[in-house]
A.B. asks: 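Got a structure for you, written out below as structure tokens; questions coming shortly.
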Amino acid sequence: MFMTKSVSIVIPAYNEEKNLTSTVDSTLAMLSKHNIDDFEIIIFNDASTDKTGEIADELADRYPKIKVIHNPKNMNLGFNFVHGIQLATKEFVGMVPGDNEMEPESLNNIFQVLGRADIIIPYIKNPEARPLGRRFLSKTYVVIINTAFGLNMRYYNGGCYFRISMVKKVPVYTHGFSYMTEILVKLLKSGASFIEVPMINRVRERGATKAFRIKNIVSVFKTFLTLFWEVQILRKRILIK
């Protein structure tokens with residue numbers, strides 16, 4: 001079966017001068033491997049204080065299919081992806097983090113099935129790579145979302161790829177940790193088709209997860225209540241066709 005492979009890739013980058021070039025190179029290599037010629041890469045320099053912006057501009061000069069957005073202030077991951085959706089012009093849109101932490105196998109798994117469903121949803125194949133506390137938090141979160149919305153998904157916070165004609169219609173009210181959950185739940189409850197694919201989670205070599213910060217926990221809770229009210233109480237549906 002012929003599948004159109006046309007994709008916009010959003011790459012958010014904050015102080016990633018050491019990683020951005022390798023991120024773009026590995027992404028381009030995977031696009032080439034899957035013979036995806038109809039693509040664009042949108043790099044968001046999220047008000048970096050290092051040379052990320054300069055490197056992004058150099059990459060855009062080198063590759064005509066790359067465009068760069070320079071945020072005047074730091075807007076965080078959710079804002080960049082949602083803004084990227086609105087700027088995207090290809091049939092599908094997804095994200096590659098600018099820190100080059102995505103294993104090539106993960107992107108390979110996504111591109112293999114791109115076009116077969118409305119949403120490609122990655123799930124973590126090796127949860128043991130995360131600390132026990134983070135695993136418990138993640139598992140609990142998935143159980144809560146599945147139970148609240150009558151779904152049966154494996155993961156809600158991965159780098160999903162969406163059919164652009166559908167995802168552009170989704171109103172997104174949060175740019176916090178739950179932005180991807182909000183998009184997914186609204187589309188899934190509206191009847192979008194999906195395929196789940198495994199992704200490899202790299203072991204964190206430095207720094208601690210931000211998931212346990214109070215402001216992030218509060219943001220997730222507020223998003224959940226708003227989403228539950230909108231989807232389950234008001235029974236709002238998005239016209240996705």
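For this chain, numbers begin at 1 and follow the sequence in order. All values below were derived from every heavy atom in this structure, side-chain atoms included, with hydrogens, water molecules and symmetry-related copies excluded.
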A.B. asks: Does Tyr155 have any side-chain hydrogen bond (donor to acceptor under 3.5 Å, both in side chains) partners at least two apart in sequence or in another chain, and if so, which?
C.D. replies: Arg130
A.B. asks: Report the distance from atom OG1 of Thr52 to atom NZ of Lys18, rounding to the nearest 0.5 Å.
C.D. replies: 11.0 Å
A.B. asks: Does Lys51, at its NZ atom, have more than 12 non-hydrogen atoms belonging to other residues, nucleotides or ligands within less than 6.0 Å?
C.D. replies: no
A.B. asks: Treating Ser138 as the side-chain partner and Arg135 as the backbone partner, does any N or O pair qualify as donor plus acceptor under 3.5 Å?
C.D. replies: no
A.B. asks: Between Ser32 and Leu28 (side chain of the first, backbone of the second, donor and acceptor by atom type, cut-off under 3.5 Å), is there such a pair?
C.D. replies: no
A.B. asks: Taking the side chain as every heavy atom from C-beta outward, state whether Ile195 and Ile121 have any atom pair closer than 4.5 Å.
C.D. replies: no
A.B. asks: If you define the side chain from C-beta out and look only at heavy atoms, does anything of Ile41 sit under 4.5 Å from Phe39?
C.D. replies: yes
A.B. asks: For Asn100 and Ser22, which heavy atoms make the closest approach, and how far apart are they?
C.D. replies: ND2-OG, 3.2 Å
A.B. asks: Side chains of Ser219 and Thr174: closer than 4.5 Å at any heavy-atom pair?
C.D. replies: yes
A.B. asks: Listed by chain and number, what are the side-chain hydrogen bond (donor to acceptor under 3.5 Å, both in side chains) partners of Tyr161, not counting sequence neighbours?
C.D. replies: none
A.B. asks: Is there a path of hydrophobic side-chain contacts, each under 4.5 Å between heavy atoms, that joins Val82 and Ile238?
C.D. replies: yes
A.B. asks: Closest approach of Pro97 and Thr23, non-hydrogen atoms and distance?
C.D. replies: O-CG2, 3.3 Å
A.B. asks: For the residue pair Ile9 and Glu40, establish whether any side-chain heavy-atom pair is separated by less than 4.5 Å.
C.D. replies: no
A.B. asks: Check whether any side-chain heavy atom of Ile85 lies under 4.5 Å from a side-chain heavy atom of Val170, and answer yes or no.
C.D. replies: no
A.B. asks: Is it true that Asn76 and His175 share a donor-acceptor pair across their side chains at a distance under 3.5 Å?
C.D. replies: no
A.B. asks: Sequence neighbours left out, what passes side-chain hydrogen bond (donor to acceptor under 3.5 Å, both in side chains) with Ser106? Give chain and number order.
C.D. replies: none
A.B. asks: Under a 3.5 Å distance rule, please check whether Lys67 uses its side chain to pair with a backbone N or O of Ala60 as donor and acceptor.
C.D. replies: no
A.B. asks: Are the side chains of Met199 and Leu107 in contact, using a 4.5 Å heavy-atom criterion?
C.D. replies: no
A.B. asks: Is there a path of hydrophobic side-chain contacts, each under 4.5 Å between heavy atoms of I, L, V, M, F, W or Y residues, that connects Tyr156 with Tyr173?
C.D. replies: no
A.B. asks: Just so I know, are the side chains of Asp118 and Leu187 near enough to count as touching, which here means a heavy-atom distance under 4.5 Å?
C.D. replies: no
A.B. asks: Can you sort out the partners of His34 under ring pair (Phe, Tyr, Trp, His ring centres under 6.0 Å), two or more places apart, ordered by chain and number?
C.D. replies: Phe111
A.B. asks: Starting from the C-alpha separation in whole Å, work towards a yes-or-no answer on side-chain contact (heavy atoms from CB on, under 4.5 Å) for Asp25 and Thr27.
C.D. replies: CA-CA 5 Å; Asp25 287 344; Thr27 301; over 6 Å; no
A.B. asks: Could you state whether Phe136 and Ile144 fall into the same hydrophobic cluster, counting links through intermediate Ile, Leu, Val, Met, Phe, Trp or Tyr residues with side-chain heavy atoms under 4.5 angstrom apart?
C.D. replies: no
A.B. asks: Could you tell me the separation between the CZ atom of Phe149 and the CD atom of Gln232, rounded to the nearest 0.5 Å?
C.D. replies: 6.0 Å
A.B. asks: side-chain contact (heavy atoms from CB on, under 4.5 Å) for Ser48 and Glu17? Distances and angles first, verdict last.
C.D. replies: CA-CA 9 Å; Ser48 299; Glu17 63 179 11; over 6 Å; no
A.B. asks: Decide side-chain contact (heavy atoms from CB on, under 4.5 Å) for Val7 and Val93; before the verdict, give the C-alpha distance in whole Å, the side-chain angles of both, and the deciding distance to 0.1 Å.
C.D. replies: CA-CA 6 Å; Val7 62; Val93 61; over 6 Å; no
A.B. asks: Looking only at heavy atoms, what is the nearest atom pair of Ala148 and Phe228, with distance?
C.D. replies: O-CE1, 3.5 Å
A.B. asks: Please report the shortest heavy-atom distance between Asn15 and Thr49, naming the atom on each side.
C.D. replies: OD1-N, 2.7 Å
A.B. asks: Which heavy atom in Ala192 sits nearest to a heavy atom in Met166, and how many Å separate them?
C.D. replies: CB-SD, 4.3 Å
A.B. asks: Roughly how far apart are Arg154 CZ and Asn146 CG, rounded to 0.5 Å?
C.D. replies: 11.5 Å
A.B. asks: Name all residues meeting the side-chain hydrogen bond (donor to acceptor under 3.5 Å, both in side chains) criterion together with Asn157; count only those two or more places apart in sequence or in a different chain, and write none if there are none.
C.D. replies: Thr181
A.B. asks: Start with the C-alpha distance between Asn80 and Asp46, add both sets of side-chain angles, then the distance that settles side-chain hydrogen bond (donor to acceptor under 3.5 Å, both in side chains), and finish with yes or no.
C.D. replies: CA-CA 8 Å; Asn80 290 325; Asp46 201 13; 3.3 Å; yes
A.B. asks: Going by an N to O cut-off under 4.0 Å, is there a salt bridge joining Glu58 and Arg62?
C.D. replies: no
A.B. asks: What is the distance from atom CZ of Arg163 to atom OG of Ser193, rounded to the nearest 0.5 Å?
C.D. replies: 6.5 Å
A.B. asks: If I take atom CZ from residue Phe92 and atom CD1 from residue Ile36, how far apart are they, to the nearest 0.5 angstrom?
C.D. replies: 10.5 Å
A.B. asks: Measure the shortest side-chain to side-chain distance between His70 and Asp57 over non-hydrogen atoms and say whether it is less than 4.5 angstrom.
C.D. replies: yes
A.B. asks: Kindly work out whether a path of hydrophobic side-chain contacts (I/L/V/M/F/W/Y, heavy atoms less than 4.5 Å apart) joins Tyr141 to Leu151.
C.D. replies: yes
A.B. asks: Could I get the full list of ring pair (Phe, Tyr, Trp, His ring centres under 6.0 Å) partners for His83, not counting sequence neighbours?
C.D. replies: Phe44, Phe79
A.B. asks: Start with the C-alpha gap between Ile11 and Ile42, add the side-chain angles, then the distance that decides, and say whether side-chain contact (heavy atoms from CB on, under 4.5 Å) holds.
C.D. replies: CA-CA 6 Å; Ile11 300 182; Ile42 307 172; over 6 Å; no
A.B. asks: Between Met75 and Val68, is there a shared hydrophobic cluster once you connect ILVMFWY residues whose side-chain heavy atoms come closer than 4.5 Å?
C.D. replies: no
A.B. asks: Distance from Leu184 atom CG to Leu227 atom CG, nearest 0.5 Å?
C.D. replies: 10.5 Å
A.B. asks: Just to verify, which of Lys65, Lys90, Lys5 counts as forming a side chain to side chain donor-acceptor pair (under 3.5 Å) with Asp38?
C.D. replies: Lys90
A.B. asks: Hey, what's the ring geometry for Phe162 with Phe81, parallel, tilted or perpendicular (30° and 60° as the breaks)?
C.D. replies: tilted
A.B. asks: Locate the shortest heavy-atom distance separating Met30 from Pro104; write the atom from each residue and the value.
C.D. replies: CE-O, 3.4 Å
A.B. asks: Could you tell me whether Lys125 and Glu105 have a side-chain N and a carboxylate O separated by less than 4.0 Å?
C.D. replies: yes
